[in-house]
There are 2 protein chains.
Amino acid sequence: MEKYVKMLREKNLKVTPQRLIILKYLNEHSTHPATDKIYQDLKINNPSLSKTTVYNSLEILEKHGIIQSITISGLEHRYDFRHEMHHHFLCKKCGRIIDIDVVCPNLGKMLECGHNVEEVHGYFKGICKKCMNKEKIKDGS
Amino acid sequence: MEKYVKMLREKNLKVTPQRLIILKYLNEHSTHPATDKIYQDLKINNPSLSKTTVYNSLEILEKHGIIQSITISGLEHRYDFRHEMHHHFLCKKCGRIIDIDVVCPNLGKMLECGHNVEEVHGYFKGICKKCMNKEKIKDGS
DNA sequence: TACTAATTTGTAATAATTACAATTTGACAT
DNA sequence: ATGTCAAATTGTAATTATTACAAATTAGTA
């Protein structure tokens, strides 16, 4: 838990129990949860938690680069503890969002294009390996 | 207009005036408009157009790969006539979405990862060239 | 321990999208 | 041309994610 305190202090953010449990939750759940999922899960042991607080906390944590917001699905924001740069794959069948560990070789070119690039998001969509295999079994092939 | 008829016929989609004007609109407006923008603009000359129709049409056109849905902003879907693969840049200051003509060199690697990749989206975010220059002028530097 | 600005909370409002039932229409066969 | 029917369109109502806001609380500091 001390590690989350340090992350907040480094950005001069106030250390609140709400921010700490959200950070801890995100660090321990690499499923790229949506705001409501985070809220519902944390509310069980923190009944006084407000959903607005979850929204506020996620917003400020993202603004300071501690976490990352993923818009791959188009209908909600999904969140990710930010570590090394990686991309994401959305399975159109099961809805899972899977981490893809490739770096972006376009970054170099992007830096030359005149825009000030602060974020890079690589989204792939299709059918994941697991769902592909299920299909094969159903087909009997 | 005949070109749009052909695109629909090729996918065995019914040719309706609504679909045609939406396709034409998207082809002539490379600003990556949101659903409501398309609706508001087209309604002027097509007062009987329903917003649900715009939603339905965009959905079916996207499903058939004629257009592309862009989720870079996180609060709405933006649409793009699908041509060669390219990426997008969102300016956090002016909100513009700018086409970036780089291809994705990760595609090869993605094809080997076991997932069935159907879509590739590259999103960059930051401050665009134009806004950066405005900043410089304000700073007097 | 007291102060102050920032945070949290709950509720109400907004915005994008979807559900749905009734009406209309495009494509095809006669 | 006309009739048929599945599919598309329309309008309204519902849903879902998110934001606005004001009152109460609290973290950090003096």
Side-chain angles (χ1 to χ4, degrees), chain A residues 1-2 4-23 25 32-43 45-64 66-67 69-79 95 97, chain B residues 1-2 4-23 25 32-43 45-64 66-67 69-79 95 97:
Chain A
M1 215 61 169
E2 201 48 43
Y4 307 121
V5 173
K6 210 163 97 185
M7 301 182 86
L8 293 170
R9 290 248 165 85
E10 275 172 3
K11 304 285 182 180
N12 290 311
L13 294 173
K14 280 199 180 164
V15 178
T16 68
Q18 292 85 349
R19 289 175 179 176
L20 290 176
I21 58 171
I22 289 170
L23 275 176
Y25 182 91
H32 314 94
T35 309
D36 193 61
K37 172 72 175 155
I38 300 170
Y39 169 66
Q40 296 299 341
D41 285 357
L42 289 177
K43 201 174 47 152
N45 292 312
N46 308 270
S48 72
L49 182 66
S50 160
K51 193 187 275 195
T52 303
T53 299
V54 180
Y55 272 103
N56 289 341
S57 302
L58 291 171
E59 187 188 22
I60 202 163
L61 291 172
E62 191 204 353
K63 194 154 63 186
H64 286 81
I66 298 174
I67 64 171
S69 165
I70 302 166
T71 63
I72 192 169
S73 84
L75 66 352
E76 66 192 352
H77 287 251
R78 305 283 291 255
Y79 290 91
I97 296 177
Chain B
M1 216 60 169
E2 201 48 45
Y4 307 120
V5 174
K6 210 163 96 182
M7 301 181 86
L8 293 170
R9 289 248 165 82
E10 275 172 5
K11 304 285 181 176
N12 290 311
L13 294 173
K14 282 197 178 167
V15 178
T16 69
Q18 292 85 348
R19 289 173 179 177
L20 291 176
I21 56 169
I22 290 171
L23 276 176
Y25 181 91
H32 315 93
T35 310
D36 192 62
K37 172 74 176 154
I38 300 170
Y39 169 66
Q40 297 298 344
D41 286 357
L42 289 176
K43 203 175 48 156
N45 291 312
N46 308 271
S48 73
L49 181 66
S50 160
K51 191 186 277 194
T52 303
T53 299
V54 181
Y55 273 103
N56 289 340
S57 301
L58 292 172
E59 185 187 22
I60 202 162
L61 291 172
E62 191 204 352
K63 194 154 63 187
H64 286 81
I66 298 174
I67 65 172
S69 167
I70 301 165
T71 63
I72 192 169
S73 84
L75 63 356
E76 65 192 352
H77 287 251
R78 305 282 293 253
Y79 290 92
I97 296 175

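- Separating the CD1 atom in A:I21 from the CG atom in A:L49 is a distance of 5.0 Å, to the nearest 0.5 Å.
- One can place OH of A:Y55 at 16 Å from P of C:dG10, the figure rounded to the nearest angstrom.
- Tested against A:D36 for a salt bridge (charged side-chain N to carboxylate O under 4.0 Å, His left out), the candidates A:R78, A:K51, A:K43 yield a single pass: A:K51.
- Rounded to an integer number of Å, the gap from B:I38 CD1 to C:dT17 C1' is 14 Å.
- Across all strands shown, B:P47 has no heavy atoms under 4.0 Å from either base or sugar-phosphate atoms.
- Heavy atoms of B:D36 sit nowhere under 4.0 angstrom from any nucleic acid atom.
- The closest donor-acceptor contact from the side chain of B:S57 to the backbone of B:T53 lies under 3.5 Å.
- Atom NE2 in A:H77 sits about 16 Å away from atom P in C:dA15, given to the nearest Å.
- The distance from the OH atom of A:Y25 to the NZ atom of A:K37 is 4.5 Å, given to the nearest 0.5 Å.
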Quiz item: Hey, mind stepping through A:L20 and A:L8 against side chain to side chain contact (heavy atoms under 4.5 Å, CB included) and telling me if it holds?
Solution: CA-CA 9 Å; A:L20 290 176; A:L8 293 170; 3.9 Å; yes

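- When DNA chain D is scanned 5' to 3' for any atom under 4.0 Å from a heavy atom of chain A, the first and last hits are D:dA17 to D:dG28.
- Comparing B:E76 and A:Y39, the nucleotide of DNA chain C nearest to each residue sits closer to the 5' end for A:Y39.
- Residue B:T16 has no polar side-chain atom (N or O) positioned under 4.0 Å from OP1 or OP2 of C:dG26.
- Between B:S50 and A:E59, it is B:S50 whose nearest contact on DNA chain D lies nearer the 5' terminus.
- A:I70 has its side chain out of reach of A:H77: every pair of non-hydrogen atoms, C-beta onward, lies at least 4.5 Å apart.
- A:L20 has its CG atom 13 Å from the C1' atom of C:dT7, to the nearest Å.
- Rounded to a whole Å, the CG atom of A:L13 is 12 Å from the P atom of C:dA6.
- Of the candidate nucleotides C:dG26, C:dA6, C:dG10, C:dA6 has the atom nearest to the side chain of A:K14.
- The listed nucleotides are C:dT9, C:dA27, C:dT7; the one nearest the side chain of A:L49 is C:dT9.
- Taking side-chain N and O atoms only, B:Q18 has no distance below 4.0 Å to OP1 or OP2 of C:dT25.
- Using a 4.5 Å cut-off on side-chain heavy atoms (C-beta onward), A:I22 and A:I67 make no contact.
- As rounded to whole Å, 20 Å separates atom P of C:dG26 from atom OH of B:Y4.
- In this structure, B:R9 atom CZ and C:dC28 atom C1' are separated by 12 Å, rounded to whole Å.
- Rounding to whole angstrom units, CG of residue A:N12 and P of C:dT7 are separated by 11 Å.
- Comparing A:G74 and A:T53, the nucleotide of DNA chain C nearest to each residue sits closer to the 5' end for A:T53.
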